[in-house]
**Student:** 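Dropping a structure here in C-alpha cells format, bear with me for questions.
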Amino acid sequence: MLDQVTECSGAPSQTMFEPEAETMPAAERARLQGERLRDLAGRLLAAGGPQARRLREAGVQPGDRLGLADLPRLPMTEKKDLWDTYPFGLLAVPMSEVVAVHGSSGTGGRPTLVAYTRADLRLWAQMCARALGCAGATAGSVVHNAYGYGLFTGGLGIHQGAIELGATVVPVSGGMTARQVTLVRDLRPDILTCTPSYALRLGEALADAGNPGRSLKAGLFGAEPWTDALRARIEELLGLRALDIYGLSEVIGPGVAAECAEAADGLHVNEDHFLVEAVDPASGEPVPDGTSGELVFTTVTKQALPLLRYRSGDIASLNREPCPCGRTLARMSKVIGRRDDMLVLSGVNVYPSEVERVLLAEPALAPDYLLVVDSRQVPSRLIACCEFRTAGASRSPTTERGVSAIEDTLRDELGVRVRLHVVPPGTVPRTEVGKAVRLVTWDKGEPPVPGL
Ligand SMILES: [Zn+2]
C-alpha cells in the first residue's frame, strides 16, 4: 500500500486515517475550532486553578462568545505552571476519571507529569493512527516500535496508535539492538518508529548483519530535533522514507503533528484538536506564517489536563499552503531548536540543528556528532566533535586542509567560528535508549570526547 502512495506522488493520500477531519475545508475547521475553544474556556473556568484565574483577569467570563480571533489575547501557560502545581494541580477532572499518567524527566531535570482520561487515551491513539497513516501505514502494516516504553510518551503513544489503525505493533522499545535486528529480520516490518539517532544506530547494526531491514518502507522519527541532512543519511542507510513526527507530553505526546509521505515538507498539525500559533519567543506576539517562532498549543478537546496557549519552547515556522497529499491541516517546519538550546556565540544566535545541517552535508563525516560548548574561557567557543567515515569518503577530513575547509563552511553558513575536532568511528557516545545527547557544556575537568 505504501508503494502505491509513494509511486503516485502528487495524488491525494490513500492512507488517511480520518479523511474527513484531515481534509476539512479551512472555514469549516475554523468554525469547529471556535466552538471547541469556547467549550475549553468554560471547562477551565469551571475547574478553577491558575488557568481560570488568568482567564478571569483577561476579562473572560463563563458563557462568553469567544472565537478563534480572541486566541492571541488569551493568557498563556508554560512548563513552570506544571512544576508549580506538581503533580496534579492543573487537573480539570476528578482524579477518579484519570486512567493513566505519563511524564518526562524534563529539560532542566525537573519531572513533568501529565494525566489522561479514557477519552484522552482514545484521542491520543487516533492522533498517532493519523501520523502512521501519514507515513503510509495501513491495517496490514507491521510497526517496529523502538521508542522507549514507560513514563515517556513515545512508546505507548505509537503503540496505541498502531492498534487503533489495526496494524500489528512490535513493542520492542529502546535498546538491546541485537534483538531488534533479529526481530526486523524475522517479522519483516514495513514501518519503523524511533528517535532519529536510534534509527542511525539500528541502521548501522542492520548493515553489519547483512541488511535484513529491506522490508522497511517508512519511518516516523521524532522526540529530537533533526535536519533534512540527517534525513538523507537515514534514508541512505535504511533504504526507507524518513519522516518527522512531533509531539510533547504536555500537549498529548507523539501525534501532535506528522509529515506526510507525499510531500515530506513540514508536519501536518492536528489542529482540529491542537490549535497552533507561532509567537516571538521574547515578546509572545504572533509572527507571520513562514517566520520562525515559538510554537504555542491549545488543547481544545483534551479533558484531564487541558492547556490554554501552552508555550512549547520549540522553534519552528507555520505554513498554510495546500499540500499535495490533500490534507488541509497547517504544516509546521521541522523544529530548528529549543528556545533554551539557542547558543549565543560572539553575539550571534545559533541553534545546534543549524550546525548539524552543515556537518551532515559533508560526505566525509559520519552522522554521529557531539557539540561541545567550551565554557572554560570567556567568551565560550563551540567545538564540533565528528567521526570520519571509513568507507566511501571522497575526501579525508583528517588532513589539516580538509578540516579547515569544513570550518570555513561553518563560519560562512553560521556567521561564527566553530572548531572541528575529527575523531575515529565509534568515539562519539551512542544512545541506546531515549534522546541522544548532542550538546554538552565543558566548564571544568576532563574533556567530554577523548583528545579534545
Ligand atoms: Zn501533506
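All values derive from a computational prediction rather than experimental measurement. Note that ligands are numbered from 1 as they come in the structure, with each ligand's atoms numbered from 1 the same way.
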**Student:** Verify whether one side chain among Glu250 and Thr112 offers a donor that lies under 3.5 Å from an acceptor in the other.
**Tutor:** no

**Student:** Keeping to residues at least two apart or across chains, list the ring pair (Phe, Tyr, Trp, His ring centres under 6.0 Å) pairs with something in residues 236-256.
**Tutor:** Tyr246-Phe297

**Student:** Run the salt-bridge test on Asp120 and Lys302 with the 4.0 Å N-O cut-off and return the result as yes or no.
**Tutor:** no

**Student:** Is Arg327 salt-bridged to Glu22, going by a charged N under 4.0 Å from an acidic O?
**Tutor:** yes

**Student:** Below 6.0 angstrom between ring centroids: does that apply to Phe152 and His102?
**Tutor:** no

**Student:** Give me the number of protein N, O or S atoms whose distance to the Zn ion (ligand 1) is under 2.8 Å.
**Tutor:** 4

**Student:** Assess whether a salt bridge exists between Arg331 and Glu259, defined as any Lys/Arg side-chain N lying under 4.0 Å from an Asp/Glu carboxylate O.
**Tutor:** no

